[in-house]
Undergrad: 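Input: one structure, supplied below.
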Amino acid sequence: MKSPALPVIFLVALLVAGCGPSEPVAHASASAPAKHEHKAPHGGTAVELGEEAFHLELVAEEPGRLSAYVLDGEMENFIRIAAPTFEIVATVGGQKQPLVFRALASTATGETVGQTSHFSAQADWLRTTPSFDAVLTSLEVRGRTFAGVPFNFSKEIGRAHV
């Protein structure tokens, strides 16, 4: 006695073997890696520290004042640091302008001076200067010191061009 299942299995096998793409499938090129970028959480200028070990985000909060936030490499988490201050030196109209950022405490987050991720600096020239080149003189984050880090701040663009 013949099994009726055998011809059905044979027919299904033929149909499946005949199915497939009629044209070669395009694969992503190994020479063009996906672009890796992070978005600054406050829409500010992102300054990369140590091949994305950390970031510093500079934000124009109000005329004449900048805030700075210390963030992780993915710009997702705030990193509290011990520094009470840090400095950048901006070049404005050919002149070097030091800008000292001071640690801010926050009752909302429990941050204190000496254990904070938020800093602020103020200068009159910031009121009329929408962009400038600058250098982070030195900043220690979790045992690593980042010094001489160049960047460009721009209120319009919102991120650094290093």
Side-chain angles (χ1 to χ4, degrees), residues 21 24-162:
V25 176
H27 296 284
S29 170
S31 63
K35 188 175 179 182
H36 181 83
E37 62 179 66
H38 306 287
K39 295 200 185 265
H42 302 95
T45 295
V47 180
E48 183 181 330
L49 303 176
E51 294 183 25
E52 296 195 35
F54 302 98
H55 285 89
L56 188 63
E57 180 187 14
L58 300 177
V59 182
E61 298 285 354
E62 60 186 49
R65 188 169 72 90
L66 287 179
S67 279
Y69 299 90
V70 182
L71 299 157
D72 66 4
E74 297 295 319
M75 295 191 78
E76 295 174 348
N77 299 300
F78 296 100
I79 304 295
R80 295 179 184 194
I81 63 173
T85 63
F86 70 88
E87 180 184 69
I88 68 167
V89 177
T91 302
V92 180
Q95 300 288 326
K96 301 288 185 191
Q97 299 286 346
L99 192 57
V100 177
F101 286 81
R102 301 187 189 296
L104 297 177
S106 170
T107 55
T109 63
E111 290 180 284
T112 61
V113 172
Q115 192 62 5
T116 188
S117 62
H118 190 189
F119 294 79
S120 182
Q122 194 165 339
D124 286 336
W125 60 265
L126 287 170
R127 294 177 185 274
T128 58
T129 308
S131 67
F132 54 86
D133 290 325
V135 174
L136 171 65
T137 56
S138 182
L139 181 64
E140 184 178 331
V141 181
R142 293 194 173 165
R144 291 183 63 186
T145 300
F146 303 96
V149 179
F151 64 94
N152 175 269
F153 175 81
S154 176
K155 291 179 189 175
E156 290 82 26
I157 296 171
R159 57 190 204 178
H161 300 284
V162 180

Undergrad: Identify the two heavy atoms, one from Ala121 and one from Leu126, that lie closest to each other, and give their separation to 0.1 Å.
TA: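 Scanning both residues completely, I find the closest heavy atoms to be O-CD1, 4.4 Å.
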Undergrad: Testing the basics here: between Glu111 and Ser117, what is the closest heavy-atom pair and its distance to 0.1 Å?
TA: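 So the two residues come closest at OE2-N, 2.5 Å.
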Undergrad: Let me confirm one number: the CG-OG distance from Leu58 to Ser154, rounded to the nearest 0.5 Å.
TA: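 The CG atom of Leu58 sits 11.5 Å away from the OG atom of Ser154.
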Undergrad: Under the criterion side chain to side chain contact (heavy atoms under 4.5 Å, CB included), I'd like the reasoning laid out for Ser138 against Thr145: C-alpha separation, chi angles, the key distance, then a yes or no.
TA: CA-CA 7 Å; Ser138 182; Thr145 300; 3.4 Å; yes
Undergrad: Give the minimum heavy-atom separation between Leu99 and Ala123, together with the two atoms involved.
TA: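 For Leu99 versus Ala123, the nearest heavy atoms are CD1-CB, 3.7 Å.
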Undergrad: Minimum heavy-atom separation for Ala103 and Ala83, please, with both atom names.
TA: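 Between these two residues, the closest heavy atoms are CB-O, 3.9 Å.
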Undergrad: Arg142 versus Ile79: any side-chain heavy-atom pair under 4.5 Å?
TA: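 With C-beta onward as the side chain, the pair touches.
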Undergrad: Check for a donor-acceptor pair, side chain of Thr129 on one end and backbone N or O of Ser131 on the other, with a separation under 3.5 Å.
TA: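 Flag not set: sc Thr129 to bb Ser131 has no pair under 3.5 Å.
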Undergrad: Could you tell me if the side chain of Lys96 sits less than 4.5 Å from the side chain of Thr91, heavy atoms only?
TA: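 Yes - at least one pair of side-chain heavy atoms lies under 4.5 Å apart.
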Undergrad: Determine yes or no for a side-chain-to-main-chain donor-acceptor pair under 3.5 angstrom, with His55 supplying the side chain and Ala46 the backbone.
TA: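 Checked: no pair found.
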Undergrad: Between the side chains of Ser67 and His118, does any donor sit under 3.5 Å from an acceptor?
TA: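 Indeed, the side chains of Ser67 and His118 share at least one donor-acceptor pair under 3.5 Å.
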Undergrad: At their closest point, which heavy atom of Asn152 faces which heavy atom of Thr45, and how far apart are they?
TA: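 Looking at all heavy atoms of both residues, the shortest contact is O-CG2, 3.5 Å.
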Undergrad: Could you check if a side-chain atom of Leu71 sits within less than 4.5 angstrom of a side-chain atom of Leu56, using non-hydrogen atoms only?
TA: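 They are not in contact (no side-chain heavy atoms under 4.5 Å apart), so the answer is no.
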Undergrad: Could you tell me which residues satisfy ring pair (Phe, Tyr, Trp, His ring centres under 6.0 Å) with Phe86, sequence neighbours excluded, listed by chain and number?
TA: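 Result, ring pair (Phe, Tyr, Trp, His ring centres under 6.0 Å) vs Phe86: Phe101, Phe119.
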Undergrad: With distance as the sole test, does Glu48 use its side chain to make a donor-acceptor pair with the main-chain N or O of Glu52 at under 3.5 Å?
TA: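 At least one qualifying donor-acceptor pair exists.
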Undergrad: Which heavy atom of Met75 sits nearest to which heavy atom of Pro41, and what is that distance?
TA: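 Of all heavy-atom pairs spanning Met75 and Pro41, the closest is CE-CD, 3.8 Å.
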Undergrad: Suppose we screen for side chain to side chain donor-acceptor pair (under 3.5 Å). Which residues come up paired with Thr137, at least two apart in sequence or across chains?
TA: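 Result, side chain to side chain donor-acceptor pair (under 3.5 Å) vs Thr137: none returned.
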Undergrad: Rounded to the nearest 0.5 Å, what separates atom CD1 in Ile88 from atom CG in Asp133?
TA: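 Between Ile88 CD1 and Asp133 CG, I get 11.0 Å after rounding to 0.5 Å.
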Undergrad: Check whether any side-chain heavy atom of Val135 sits under 4.5 Å from a side-chain heavy atom of Phe151, and report yes or no.
TA: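 Heavy-atom side-chain distance check fails, nothing below 4.5 Å.
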Undergrad: Within a strict 4.5 Å, meaning less than it, do heavy atoms of the Arg102 and Ser120 side chains meet?
TA: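 No. Closest side-chain heavy atoms not under 4.5 Å.
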Undergrad: Thr109 versus Arg80: any side-chain heavy-atom pair under 4.5 Å?
TA: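 Yes, side chains in contact.
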Undergrad: Can you tell me how far CG of Asp124 sits from CD of Gln122, rounded to the nearest 0.5 angstrom?
TA: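 So the CD of Gln122 and the CG of Asp124 are separated by 7.5 Å.
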Undergrad: Does any pair with a residue in residues 56-65 pass salt bridge (charged side-chain N to carboxylate O under 4.0 Å, His left out), and if so which ones, sequence neighbours excluded?
TA: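 As it turns out, the salt bridge (charged side-chain N to carboxylate O under 4.0 Å, His left out) pairs with a partner in residues 56-65, which skip direct neighbours, are Glu62-Arg65.
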Undergrad: Flag the pair Leu139 / Ile81 as yes when at least one side-chain heavy-atom distance between them is below 4.5 Å, and no otherwise.
TA: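 Heavy-atom side-chain distance check passes, below 4.5 Å.
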Undergrad: Return yes if some donor-acceptor pair links the side-chain N/O of Glu87 with the main-chain N/O of Leu136 below 3.5 Å, else return no.
TA: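 Looks like no, no N/O pair under 3.5 Å.
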Undergrad: Should the ring pair Phe146 and Phe54 be called parallel, tilted or perpendicular, given that the plane angle runs from 0 to 90° and is split at 30 and 60?
TA: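 Phe146 and Phe54: perpendicular rings.
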